[in-house]
Amino acid sequence: MRTTGTTPRTTRTTRTTRGARTAVLSAAALAAAGALLLTGCGSDADSSANANVAAVSAEAPQKPGTVLDTPFTKPALDLTDNQGKPFDLVKETAGHPTLLFFGYTHCPDVCPTTMSDLALAKAKLSKADQDALRVVFVSSDPERDTPARLTEWLGAMDKSFIGLTGKFATIQAAARSVGVGIDPPVKEKDGSITVTHGAEVLAFWPKDNKAHVLYMSGTTAEQFAADLPKIIRSEAP
């Protein structure tokens with residue numbers, strides 16, 4: 001994808017220990033006025049994570065959701081869902097408005113906050129819209145995020161949420177295809193585990209199954225709730 005302008009880069013890395021978890025956020029937001037906004041998430045040590053980034057017009061007004069100039073194609077992702085069954089992301093969500101997030105269940109802050117906000121926003125929709133919407137959480141820590149773990153964790157927020165786990169390489173490739181950079185979990189010498197995860201929720205329209213809108217970390221439940229009816233109808237918020 002052709003990109004222009006300064007690139008604000010957000011990396012979210014979480015280190016977990018047996019009894020405590022500490023979140024470390026490193027963000028660079030150096031976009032010049034009038035430049036295109038380019039958003040990515042991943043490790044600065046791996047430049048390949050920048051292969052795809054989201055490009056949006058500078059003229060667009062400041063809104064919770066950023067409409068992408070070039071929509072992302074839904075990743076061809078075959079994993080195991082939180083019921084222990086094979087799940088083909090493209091096939092299972094075709095024709096459905098879909099929200100996609102790459103995170104992990106031991107995350108102490110961004111991941112549970114994001115998913116809780118999505119659950120609150122979904123609850124404000126009509127029943128028909130709730131039935132149409134698919135919310136998919138793909139684990140960036142698949143070794144620990146078993147189907148049972150995903151069911152327990154997601155079920156505390158919304159039992160309809162879909163959790164996916166499987167081979168990390170498969171997940172990493174899918175994440176990078178939509179501009180999200182994640183690295184393999186690393187066990188540190190002190191026994192802690194460092195895990196990277198996305199800061200973005202990608203909203204796919206049902207009419208073409210492409211991600212037209214990107215929401216960064218910090219989007220509130222109220223903001224999601226205001227936008228979702230339009231997302232569900234394949235309209236820009």
Side-chain angles (χ1 to χ4, degrees), residues 1 39 52 54-56 60 63-103 111 114-140 142 145 147 150-151 154-155 157-167 170-180 198 200-216 219 221 223-237:
M1 179 186 302
T39 305
N52 291 299
V56 299
K63 295 181 179 180
T66 299
V67 178
L68 303 177
D69 287 341
T70 304
F72 283 120
T73 298
K74 191 175 292 180
L77 194 55
D78 293 300
L79 293 171
T80 300
D81 69 14
N82 53 300
Q83 303 302 319
K85 298 178 180 179
F87 190 95
D88 181 330
L89 179 66
V90 173
K91 179 180 178 180
E92 297 292 342
T93 63
H96 288 278
T98 301
L99 304 179
L100 181 67
F101 181 78
F102 291 85
C111 301
T114 299
M115 300 309 292
S116 293
D117 285 341
L118 291 178
L120 290 170
K122 177 174 175 276
K124 296 179 182 294
L125 298 173
S126 67
K127 185 179 186 305
D129 283 351
Q130 289 189 43
D131 291 343
L133 184 65
R134 299 290 182 269
V135 179
V136 181
F137 178 92
V138 183
S139 176
S140 60
D145 284 344
L150 287 167
T151 294
L154 291 172
M157 303 170 203
D158 188 305
K159 295 185 184 301
S160 74
F161 283 3
I162 300 163
L164 299 181
T165 189
K167 293 182 178 180
T170 301
I171 293 168
Q172 183 182 50
R176 287 178 174 175
S177 77
V178 290
V180 180
E200 308 93 337
V201 173
L202 290 151
F204 293 80
W205 289 359
K207 74 174 183 180
D208 61 3
N209 296 302
K210 291 185 177 182
H212 287 263
V213 188
L214 180 147
Y215 295 90
M216 292 302 294
T219 303
Q223 290 169 331
F224 278 124
D227 283 6
L228 282 179
K230 290 187 176 180
I231 297 296
I232 289 168
R233 289 159 182 77
S234 298
E235 299 173 359

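Just so it is clear, the values below take in all heavy atoms, side chains as well, and ignore hydrogens, waters and symmetry mates.
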field: Rounded distance [0.5 Å steps], CG in Leu79 versus OG in Ser139
entry: 9.5 Å
- prompt: Between Ala121 and Ala225, what is the shortest heavy-atom contact and its length?
  reply: CB-N, 3.5 Å
Audit row: Thr114, Val201, side chain to side chain contact (heavy atoms under 4.5 Å, CB included) steps and yes/no: CA-CA 8 Å; Thr114 299; Val201 173; 3.6 Å; yes
message: Give me the atom names and distance for the closest heavy-atom approach of Val90 to Ala76.
response: CG2-CA, 3.8 Å
- request: Working to the nearest 0.5 Å, report the span between CZ of Phe102 and SG of Cys111.
  value: 12.0 Å
Contact summary for Pro237 and Ile231, nearest pair of heavy atoms: CD-CD1, 4.2 Å
query: Among Leu164, Asp78, Val138, Leu77, which one satisfies side chain to side chain contact (heavy atoms under 4.5 Å, CB included) with Thr170?
result: Leu77
field: Gap between atom CZ of Phe87 and atom OG1 of Thr93 - 0.5 Å precision
entry: 6.0 Å
- prompt: What heavy-atom pair brings Asp227 and Gly65 nearest, and what distance separates the two atoms?
  reply: OD2-N, 4.0 Å
field: Shortest non-hydrogen contact between Phe101 and Met115, atoms and distance
entry: CD2-SD, 4.2 Å
- prompt: Can you name the salt bridge (charged side-chain N to carboxylate O under 4.0 Å, His left out) partners of Lys122, sequence neighbours left out?
  reply: Asp158
message: Using modelled atom types and a 3.5 Å cut-off, is there a donor and acceptor pairing between side-chain atoms of Thr165 and backbone atoms of Pro142?
response: yes
Heavy-atom side-chain contact between Leu133 and Leu228 under 4.5 Å: yes
field: Residue pair Ala123 / Gln130: nearest heavy atoms and the distance that separates them
entry: O-NE2, 3.6 Å
task: Could you give me the CA-CA distance, side-chain angles and deciding distance for Arg233 and Asp129, then say whether salt bridge (charged side-chain N to carboxylate O under 4.0 Å, His left out) is met?
output: CA-CA 9 Å; Arg233 289 159 182 77; Asp129 283 351; 3.2 Å; yes
- line: When rounded to the nearest 0.5 Å, the distance separating CZ of Phe224 from CG of Leu125 is 12.0 Å
- request: Output the distance between atom OG1 (Thr73) and atom NZ (Lys210), rounded to the nearest 0.5 Å.
  value: 4.5 Å
query: So how far is it from Asn82 CG to Asp145 CG, rounded to the nearest 0.5 Å?
result: 11.0 Å
task: Ignoring hydrogens and angles, tell me if any N or O in the side chain of Asp81 forms a donor-acceptor pair with the backbone of Pro147 under 3.5 Å.
output: no
Close side-chain approach of Asp117 and Gln223, heavy atoms under 4.5 Å: no
